[in-house]
Number of protein chains: 2
Amino acid sequence: MYTIGKLSKNTGVTVRTLDYYDEIGLINPSSKTDGGHRLYNEDDVMRLERVLALKYMGFSLEQIKDIVNSSTSTWQQSIQQQLEMIRREQERLKMLEQALTGVSFSIEFEGEINWSIIFNIIQLYQQDVEDIFQQYKDYLNNDEMRKIIEMDAQMSKEDMKEWMEAISDIKNNLEIDPGSEKAQHLVKRWLNQVEKMFGNDEELLGDMWNALQNLKEGIVFYPMDKDVIHFIERVFLTKEELK
Amino acid sequence: MYTIGKLSKNTGVTVRTLDYYDEIGLINPSSKTDGGHRLYNEDDVMRLERVLALKYMGFSLEQIKDIVNSSTSTWQQSIQQQLEMIRREQERLKMLEQALTGVSFSIEFEGEINWSIIFNIIQLYQQDVEDIFQQYKDYLNNDEMRKIIEMDAQMSKEDMKEWMEAISDIKNNLEIDPGSEKAQHLVKRWLNQVEKMFGNDEELLGDMWNALQNLKEGIVFYPMDKDVIHFIERVFLTKEELK
DNA sequence: ATTGAATCACACGTAACGTGTTGTTTTATA
DNA sequence: TATAAAACAACACGTTACGTGTGATTCAAT
């Protein structure tokens, strides 16, 4: 049995907050002293733990009240739920890290800033990964999305650097003849990176290429932009002709 | 140049929020149309990015105003700062994940909930990683702390499970004779886990053991509690005697 | 029994916007 | 180039999740 002060000390939650939670009926202490002082038992503490976890996940107290009241889920279930949310948050942070690393490299290599990725970073700072990938839903199925997110998360700083350099090289040579040796070389280098990242899942590659052509540049294939994509396309077409 | 609507669409930040940021002088658009409509340029976008990053870090808008106005940091510096904080947040989430996984296993193995670790999780939900480790500062130096954090993060689900099982086994046999075969076996199993996790850095092990004896159970060495520690101690002492 | 600390109930204050309204400006279309 | 539709500005009021008092009451330790 904990008084409100002891509970506050143990959890770091202020007395006023517990007071408020009692007031709105979120956590009513299971018993009281004769004088009216609140006494919290272990079930109450359990409830508080869940409330704080859910709050951390961004739910409103009103929503939390619904969740903790309605779901008859056991501890195991709610822990699993929390674990899933934490993993999603980690995914988001991983993407943020990638994006920020990308910006850093782009400033370093190109001396300029890719605005579309800045916009994506801003979005990532306030929204869920799922929401941001929503725009890709028309071109990629769920399975492909998963693969791409995972691939993105597993990309190391070095991979990122090579990827950036390969594309940066293309960007700096957009005007050269698509049939030239150099053009072929640049695209070959790019292809190597693609293969390194995505393996040789032909279907995934196809869908991604399709998505690339239809979408404005975004976080996933950063820093590929329209110019780069069109250059690669022209080189491919020239090759086809040669055959 | 972006109108407030375009900027909102690109970033996912609502018009009202941008309106508010303008109102409190946090982000004033660098120019306006003759009619008074706001126009945001690229510098404004970068400022917004920084503001949201700082907001994510938990600063109030008032604090953020001070920070972005006073500090003359370059974008590279800002990005690097953001990267560092994102990595720290990932560390914290990793610990949270470990802790929750631990609770899950402990419920599975022991059928009951360990309250001290629940309290620790609540604190993790609210605090910085550094704060959590503060209490260990008296017993471990900075280098050792780093090692432990890293170890904690790298522990796989399977490692966690084995660790939990080893300790759980001890917990269920606290009353047996410290000199018995079984006791020796239990501690040996525990020692194996320790070695697997920490290698054979004698100094680190010594300091940790010292910390363990002086601190109330905490999240780092979860789920070792006083009972388990004393049991292991008794077994060791018995062994010494035999020699 | 006393007294200092803890608690209660209540009130007002605050941050960071959301939501709604009205009048004005911009943009798209005919 | 006229006009309707869309976007925007400026203002007001509402909301969430508490913080910060305040005086009265209860609890815990001496």
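Since this is a predicted model, take the numbers as computed values, not measurements. Residue numbering restarts at 1 for every chain, and letters A, B, ... go by the order of the sequence lines.
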Can you see if the side chain of Tyr21(B) gets near the phosphate of dA16(C) - specifically, an N or O under 4.0 Å from OP1 or OP2?
no

Nearest-0.5 Å distance that lies between atom OG1 in Thr14(B) and atom NZ in Lys9(B)
14.5 Å

Integer-rounded Å distance: dA16(C) P and Leu18(B) CG
15 Å

Any Arg38(B) side-chain N or O less than 4.0 Å from OP1/OP2 of dC8(D):
no

Nucleotide dT22(D), atom C1' - distance to CG of Asp19(A) in whole Å:
14 Å

What's the closest nucleotide to the side chain of Tyr20(A) if the choices are dG18(C), dC18(D), dA9(C)?
dC18(D)

Rounded to whole Å, OH of Tyr2(B) lies from P of dA7(D) at a distance of 18 Å

Asp22(B) has an atom CG; how far is it from atom P of dA16(C), in whole Å?
16 Å

Would you please confirm or rule out a distance under 4.0 Å between OP1 or OP2 of dA6(D) and any side-chain N or O of Lys9(B)?
no

Starting from the C-alpha separation in whole Å, work towards a yes-or-no answer on side-chain hydrogen bond (donor to acceptor under 3.5 Å, both in side chains) for Gln82(B) and Ser78(B).
CA-CA 6 Å; Gln82(B) 291 179 40; Ser78(B) 167; 3.2 Å; yes

Under 3.5 Å, is there an N or O donor on one side and an acceptor on the other linking the side chain of Arg16(A) and the base of dT20(D)?
yes

So, Asp44(A) side chain and Asn41(A) main chain: donor-acceptor pair closer than 3.5 Å or not?
yes

Can you tell me if Thr14(B) touches the phosphate of dG18(C), counting only side-chain N or O atoms and a distance under 4.0 Å to OP1 or OP2?
yes

Sidechain N-carboxylate O distance under 4.0 Å for Asp227(A), Lys171(A):
no

Picking from dC18(D), dA17(D), dA9(C), the nucleotide nearest the side-chain atoms of Ser60(A) would be dA17(D)

To the nearest Å, how far apart are Leu61(A) CG and dA17(D) C1'?
6 Å

Any carboxylate oxygen within less than 4.0 angstrom of a Lys/Arg side-chain nitrogen, looking at Arg88(A) and Asp128(A)?
yes

Heavy atoms from C-beta onward define the side chain here; which of dG18(C), dC18(D), dA9(D) lies closest to that of Ile4(B)?
dA9(D)

Round to the nearest Å and state the distance from Met1(B) atom CE to dT27(C) atom P.
13 Å

Expected rows: protein N/O vs nucleotides 27-30 of chain D N/O, under 3.5 Å:
residue: dC27(D); atom: OP1; partner: Thr33(A); partner atom: OG1; Å: 2.8
residue: dC27(D); atom: OP1; partner: Gly35(A); partner atom: N; Å: 3.1

Atom CD of Glu23(B) to atom C1' of dA9(D): distance rounded to whole Å?
11 Å

Nearest whole Å is fine: how far is dA9(D) C1' from Lys32(B) NZ?
8 Å

Is it the case that Gln123(A) and Thr11(B) place a side-chain donor and acceptor less than 3.5 Å from each other?
no

Tyr2(B)/Phe119(A) aromatic ring centres below 6.0 Å:
yes

